[in-house]
Each structure stands twice: as C-alpha cells, then as structure tokens.
Protein chains: 2
Amino acid sequence: MGEAETNGVTDGYGVSPFDVFSRQCPSRGTLEHVTGRWGGLTLGALFESGLRFNELRRRVDGVSEKMLSQTLHALERDGLVLREARPTNPPRVDYELTGLGREVAGRLLDLIQLVEGRMPEVLDARGRYDAAREA
Amino acid sequence: MGEAETNGVTDGYGVSPFDVFSRQCPSRGTLEHVTGRWGGLTLGALFESGLRFNELRRRVDGVSEKMLSQTLHALERDGLVLREARPTNPPRVDYELTGLGREVAGRLLDLIQLVEGRMPEVLDARGRYDAAREA
DNA sequence: CTGTATCCTGCCGGATACTG
DNA sequence: CAGTATCCGGCAGGATACAG
C-alpha cells in the first residue's frame, strides 16, 4: 500500500495477496487487459460464440487489426482466450473463451448490461451537471 | 454492426438502444470511465466507504492528483459519484457513491475479486504461454 | 487540504504496406 | 483469410508549480 506501509499487514485493505489496489501487482495488469479499451468488448463478443479473426473485427466496431491482434495475444497469454488454428487453405483461426475466460466475461457482461440499461439515468445526470456549469 | 447494417434491425446483436459494441454510443464512453485505468479502482475504493480526496489518493496506489481529479469529475458527471464540499477551513470534500454508483461498483468488485482470486491460474497460463514461445 | 494550470514525454493506437 | 512490420501523430497521464 505504498510508503505508509511498514510491515506486511495493512490497515484493513489489501487482504488478498493479489490486491489490485496495490501498484505493483500482477492482478492490476490482468484487470487492465480485461477492462481495457478493447479487452472487454472482445471478451463480450466471444461470450456469445467462438469467432474468427475478421468476424471479431466486425463485431467489435472500430478496432484495428493491430489492436485486435495485441488484445487477443494478451488475453490468450492470461489464459482467458483459446486460439485454434486450422491448417486449411485459406487459413482459418477460431477464438473462443476458456473456462476462466467465460467466468470473467460473464461478470463483465453483467456490468455492461447494467450500464447499458441505466444510460437514461446517466444521460440525465450529465445534463444536470452540464447545466449547473454554464451560468 | 456498422456498414453491414441496412435497417434498424440487427443480426441478433445490438438489441439495446445503447449497445456498447457500437462505435458511436454514449454507453461506450461511460463504460470506459467505469473500467478505465483509474475509474474502476476509484469506484472500488469508494464502495467500502466515502473518502476524502487525499484518502482516495492514498487508497488508489499510483494515481496522480491530476488523474484522480479528472476521474472524479467524469464519474460525478455520469451520476455515479456524489461530491460534497464542506465550507470549513481547511476545506474538506467528501466523495461517495450514488445509488447507481453502488450498483456499478458492486459489479465491478465482483469482477475484481474474481480476477484476484484466480491469479494463480493466470500466472500459470502465462508461464506456459511464454515457455512455448522461447525455443 | 483540495484542487487547477502548465509543460512535456511516452506510448497508445490508427494507417499503410507487406507476408504466408 | 490471418496476421506481422513500420511509421508516426495525438493524447493520456506524470511532474511541477501555483491558487483558494
């Protein structure tokens, strides 16, 4: 927990050995892969069904080849996505979630659906916030 | 989504009027505030209790004043965080979650705790991935 | 204490071209 | 189709100084 910490015990936070609130912790990196700009959308897309590279690219609107490639590599490395290349011609590669990937994506979709469903409230709050500023 | 779309009906995706998978959609922005580098950690920190600016700064290890300030403004504007300034001297400002903020933060913490708890698996997967590459 | 204002750098990420 | 390689501009975000 930073410089205020003198021993291994914290002030009540950081109970987990992988406490994401701590700066140098691998879970922070994984969480950023998962919640990052493209990671979350990629996991969400794969939750419904396995997809091929370009299918994924179309589904995740706006992602570039480069970023999709990077994102998939990171997720594969973290054990959330499975890559299956078929030695056909033309080449075909399928991506799907691992068991852990499905669990993570499930939580993520809970979050996404909540936010989508409450957007009217959010938009309303924004309107009020902005109105209170211009005066 | 996108150019393949000719009418208002989709191919089964994007049922919500705020489908986050679509590029131009306000929910994407909000989701990025929530899942962004500091947004998620900030919401997570505030879930346990209301906090003051510098308490928050210490809790969210590594955040700079500037980014914390920006993050809080974005979350306040989206109606997830409530800012209460007391006209005391020295000044004191408390931040806490709104009802909607609590719901969002709850889902986020589910995700965080899942990831933290499964880090051994993630680390293991990384080890295998890296080992398979160096040859 | 609670922030803004400014400067500056790194790297995120888009465009393009190329390979198998 | 499924990607890598390279270039490069913009902006996220850190450091610092300053204000109320």
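Naming: A, B, ... by sequence-line order, numbering from 1 per chain.
- Among the nucleotides D:dG3, D:dG14, C:dG3, the one closest to any side-chain atom of B:Ser64 is D:dG14.
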CA sep, side-chain torsions, deciding dist, call: B:Val104, B:Leu43, side-chain contact (heavy atoms from CB on, under 4.5 Å)
CA-CA 8 Å; B:Val104 170; B:Leu43 288 174; 4.1 Å; yes
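- Atom CZ of A:Arg52 and atom C1' of D:dG3 are 13 Å apart (whole Å).
- B:Leu41 places its CG atom 12 Å from the P atom of D:dG13, with the value rounded to the nearest Å.
- Residue-to-nucleotide proximity on DNA chain D shows that, of A:Tyr95 and B:Val63, the 5′-proximal contact is made by A:Tyr95.
- Listed nucleotides C:dC1, C:dG3, C:dT6 differ in distance to B:Lys66; the shortest reach to its side chain belongs to C:dT6.
- Contact annotation: B:Asn89 side-chain N/O to C:dC1 OP1/OP2 distance is not under 4.0 Å.
- Rounded to whole Å, the distance from CD on B:Glu76 to C1' on C:dG3 is 13 Å.
- In this entry the distance linking CG of B:Asn54 with P of C:dT4 reads 13 Å, nearest Å.
- Residue contacts shown for B:Arg57 are absent, as no nucleic acid heavy atom lies under 4.0 Å away.
- Ion pairing between B:Arg52 and B:Glu55 fails under the 4.0 Å rule for side-chain N and carboxylate O.
- Here CG of A:Leu108 is found 7.5 Å from OG1 of B:Thr35. Values are rounded to the nearest 0.5 Å.
- Residues A:Val34 and A:Leu80 come closest through the heavy atom pair CG2-CD1, 3.7 Å.
- Taking CG of A:Leu41 as the reference point, atom CZ of B:Arg23 lies at 12.0 Å (rounded to 0.5 Å).
- For A:Pro90, the side-chain atoms get nearest to D:dC1 when compared with the rest of D:dC1, D:dG14, D:dG3.
- Checking the phosphate oxygens (OP1, OP2) of C:dT2, no side-chain nitrogen or oxygen of B:Arg92 falls inside 4.0 Å.
- Across C:dA15, D:dC1, D:dG3, the shortest atom-to-atom separation from the side chain of A:Pro91 is found for D:dC1.
- Computed from coordinates, the A:Asp61 CG to C:dG14 P distance equals 12 Å when rounded to whole Å.
- You'll find that the side chain of A:Arg83 is closest to D:dG3, out of C:dG14, D:dG13, D:dG3.
- The CZ atom of A:Phe21 lies 8.0 Å from the CD atom of B:Glu116; values are rounded to the nearest 0.5 Å.
- For B:Asp94 and C:dC1, the CG to P distance is 14 Å, given to the nearest whole Å.
- Residue A:Phe53 places its side chain closer to D:dA2 than to any other of D:dA2, C:dT4, C:dG14.
- For the pair B:Glu84 CD and C:dT2 C1', the computed distance is 16 Å after rounding to whole Å.
- Terminal axes of the helix from C:dC1-D:dG20 to C:dG20-D:dC1 (five pairs each, C1' rotation axis) are separated by 50°, to the nearest 10°.
- One finds a side-chain N or O of B:Arg37 lying less than 4.0 angstrom from the OP1 or OP2 phosphate oxygen of D:dG14.
- When the nucleotides D:dC1, C:dG3, C:dG13 are ranked by their closest atom to the side chain of B:Ser69, C:dG3 comes out on top.
- Straight-line distance from the CH2 atom of A:Trp38 to the P atom of C:dG13: 8 Å, rounded to whole Å.
- Dashed line: the shortest gap from a side-chain N or O of A:His73 to OP1 or OP2 of D:dT4 is under 4.0 Å.
- Atom CZ of B:Phe47 and atom CD1 of B:Ile112 lie 11.0 Å apart (nearest 0.5 Å).
- Put simply, NE2 on B:His33 and CZ on B:Arg77 are 7.5 Å apart, with the number rounded to the nearest 0.5 Å.
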